[in-house]
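Worksheet: one structure, shown below.
Lettering follows sequence order; numbering is per chain, from 1.
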Amino acid sequence: MKIQKEHINKIKDYLWEIPTSFRPQYMNVPARILASETLLDEIMEDRSLAQLVNVASLPGIQGASMVMPDVHEGYGFPIGGVAATSYPKGAISPGGIGYDINCGVRLLLSSLNRETVQESLGVLSRELYNHIPSGMGKGGSILLSSRKMHEVLRNGAEWAVSQGYAKAEDLRFIESNGKLEMADPRLVSERAKQRGKDQLGTIGSGNHFVEVDYIDEIYNTNIATAYGLECGQVVLLIHTGSRGLGHQVATDHIKIIMGAMEKYGINVPDRELACVPFDSEEGQNYFRAMCAAANFAWCNRELISWEARTAWAKVFGSEVDDLHLMYDVAHNIAKLEEHSVEGKSSLMIVHRKGATRAFGPGFPELPEKYLKAGQPVIIPGSMGTCSYVLAGTARSMEITFGSCCHGAGRRLSRTAAKKQVNAPVLKEELRSRGIYVEAGSFKGIAEEAPVAYKDINEVVETVHASGIATKVAKLKPMVVVKG
DNA sequence: ATGTTC
């Protein structure tokens, strides 16, 4: 099934729709695309839209299946996708969350400015690289006993605080306070726990990174002030997830759910969309295991922050009590949330895969000082390009179930990128532009080259212009640490 | 994304 332009209707600027009449035999709702004309052309080159149409067939799906402007194809669901299903009988589908459960990003703020750190960048990049293990299969300095693993899976970021690795004030600035109460560690397999036991405080590989940036431009002074952002300020960006543990949770439960579908009479057009009713035994077991893996990921980002703070103190002096958490947002997760479709409000299971939550002003979970501004939305660009901070809006609740894009989004496969990119040359090029790259392998650099990604500016302009989030600040990189 | 095919 190849989707052509003629199948897509323009609803309004930046919003497109494939109606249910395209595949009436299985689309339960329309499929919607948030994109500029340019990005839509790019999106049509891979299988993203075919996958988006498939998602519209999920049992109990509400409103529309949706993709953000950074969408690209993934396992079953497109990455950059949002699907809300009715609670409690609608589908839960692990493919709608992805293998890297609670992959997410956090932003830490320093009190230093660009000029002050300039001379220390070489030392800083090496200290960060040495303190934060990166790369495929890499372990860290903490080895969790099975008792402690249980505590991490149960308590998330809170565990890091209880062990003295983090400040209690961090917790208020993490989505869901870094802990999903539904987590049940007993539903995480022994094998998943084994894979994860030495992975706290490690970034992994692929698009995961730790980056030092400075704030290049402020677009909205009021919101920037509420978030604590100033022009020229040095900040730290961390992007990673639940590592091998979350991957194993997804693997284990996808297998179980594939085997259970038939007994619930569920038929989906792609086996990678495997799903069961949320309130079924298999659905609950997956969801509770997913929550535990999400907690592991939050604890992981907390431990990486601890390592970064340690490296920071070493370079800038131990008297610097710096790097305060601005916010930590998940972009691969399912959440139970109240949303409104056609004027009727109800509880839904919101699957976000490569999409961040972007709740508007007044949302009670927000820290008090962000209440009027709305939820911070952190959007990393590709390596060496810029990143953005935006704020969620009331509008996002109307069109995207309170969601926004999560990054630049791939446009070339990893294999295609490796063919096109000369990694040592790229590293030199970035260095000549003042960007220090510390990476475990040239392979990683080639796969993450800017040419392999969409234009982050175009993606951010799209979400800003469509009103689902509002631009607050632009970040430019100085140091990139990768696996 | 991932001890990149237990």
Side-chain angles (χ1 to χ4, degrees), chain A residues 46-48 51 70-81 93-105 133-140 143-144 149 188-200 202-210 238-256 258-259 272 286 289-290 293-294 296-298 300-301 304 329-334 351-356 380 382-383 406-419 439-449 452-453 481-483:
Chain A
D46 70 11
R47 293 184 61 250
S48 301
Q51 293 186 327
D70 56 337
V71 65
H72 57 109
E73 64 184 65
Y75 176 88
F77 288 60
I79 296 163
S93 176
I97 289 100
Y99 277 88
D100 190 2
I101 295 166
N102 191 5
C103 187
V105 55
S134 62
M136 169 77 70
K138 236 356 185 350
L143 186 66
L144 295 172
M149 173 60 86
V188 174
S189 69
E190 212 38 59
R191 191 169 176 189
K193 289 169 181 160
Q194 283 297 320
R195 285 180 70 173
K197 69 181 179 190
D198 65 345
Q199 292 186 321
L200 276 186
T202 68
I203 53 181
S205 66
N207 61 0
H208 292 168
F209 64 76
V210 170
I238 298 171
H239 177 198
T240 189
S242 51
R243 310 285 287 98
L245 182 138
H247 192 276
Q248 192 62 45
V249 166
T251 305
D252 292 340
H253 287 264
I254 285 171
K255 195 173 168 195
I256 294 167
M258 275 182 172
E272 294 184 355
Y286 166 69
M290 184 219 73
F296 185 85
W298 273 314
N300 187 27
R301 290 198 286 276
I304 292 171
V329 65
H331 56 226
N332 283 7
I333 203 162
H351 300 67
R352 293 192 182 92
K353 182 188 195 177
T356 71
S382 53
M383 182 177 59
H406 83 308
R410 259 189 188 282
R411 51 178 289 274
L412 294 182
S413 69
R414 294 180 187 283
T415 320
K418 269 183 287 190
K419 270 185 199 156
S441 71
F442 281 122
K443 176 172 162 270
I445 294 180
E447 289 178 355
E448 296 304 315
Y453 282 84
V481 176
K482 292 190 70 69

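The residue A:Gly244 sits close only to the backbone: its heavy atoms come under 4.0 Å of sugar-phosphate atoms, none of a base. Looking at heavy-atom distances under 4.0 Å, A:Glu447 makes no contact with the nucleic acid at all. Contact annotation for A:Gly241: no contact, since no heavy-atom pair falls under 4.0 Å across all strands. A:Glu448 comes within 4.0 angstrom of sugar-phosphate atoms only, judged by non-hydrogen atoms across all strands, and of no base.
Not counting sequence neighbours, A:His351 has no partner by the side chain to side chain donor-acceptor pair (under 3.5 Å) test. Under the ring-ring contact (aromatic ring centres under 6.0 Å, His included) criterion, A:His208 pairs with A:His239, not counting sequence neighbours.
For the pair A:Glu190 CD and B:dC6 C1', the interatomic distance rounds to 17 Å; values are reported in whole Å. Straight-line distance from the CD atom of A:Gln248 to the P atom of B:dC6: 9 Å, rounded to whole Å. Summarising the geometry, the separation between NE2 on A:His247 and P on B:dT4 is reported as 9 Å, rounded to the nearest angstrom. Counting to the nearest Å, the C1' atom of B:dT2 and the NZ atom of A:Lys353 are 13 Å from each other. Atom OH in A:Tyr99 sits about 12 Å away from atom C1' in B:dT5, given to the nearest Å. We find that NZ of A:Lys138 is positioned 16 Å from P of B:dT4, with the value rounded to whole Å. One interatomic measurement links the two molecules: NZ of A:Lys255 to P of B:dT5, which rounds to 17 Å at whole-angstrom precision. Remark: P of B:dT4 and CG of A:Asp100 are 15 Å apart, rounded to the nearest angstrom.
Contact annotation: A:Ser205 does not reach the phosphate of B:dT4 (side-chain N/O to OP1 or OP2, under 4.0 Å). The phosphate of B:dT2 has OP1 or OP2 within less than 4.0 Å of a side-chain N or O from A:Arg243.
Look at A:Glu190 and A:Lys197 and you find no salt bridge, because none of the NZ, NE, NH1 or NH2 atoms lies under 4.0 Å from a carboxylate O.
When each of B:dT4, B:dT2, B:dC6 is scored by its nearest atom to the side-chain atoms of A:Arg191, the top-ranked nucleotide is B:dC6.
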Item to check | From CA spacing to verdict: side-chain contact (heavy atoms from CB on, under 4.5 Å), A:Tyr453, A:Met383 | outcome: CA-CA 9 Å; A:Tyr453 282 84; A:Met383 182 177 59; over 6 Å; no
Item to check | Trace of the side-chain contact (heavy atoms from CB on, under 4.5 Å) decision for A:Asn332 with A:Ile101 | outcome: CA-CA 5 Å; A:Asn332 283 7; A:Ile101 295 166; 5.9 Å; no
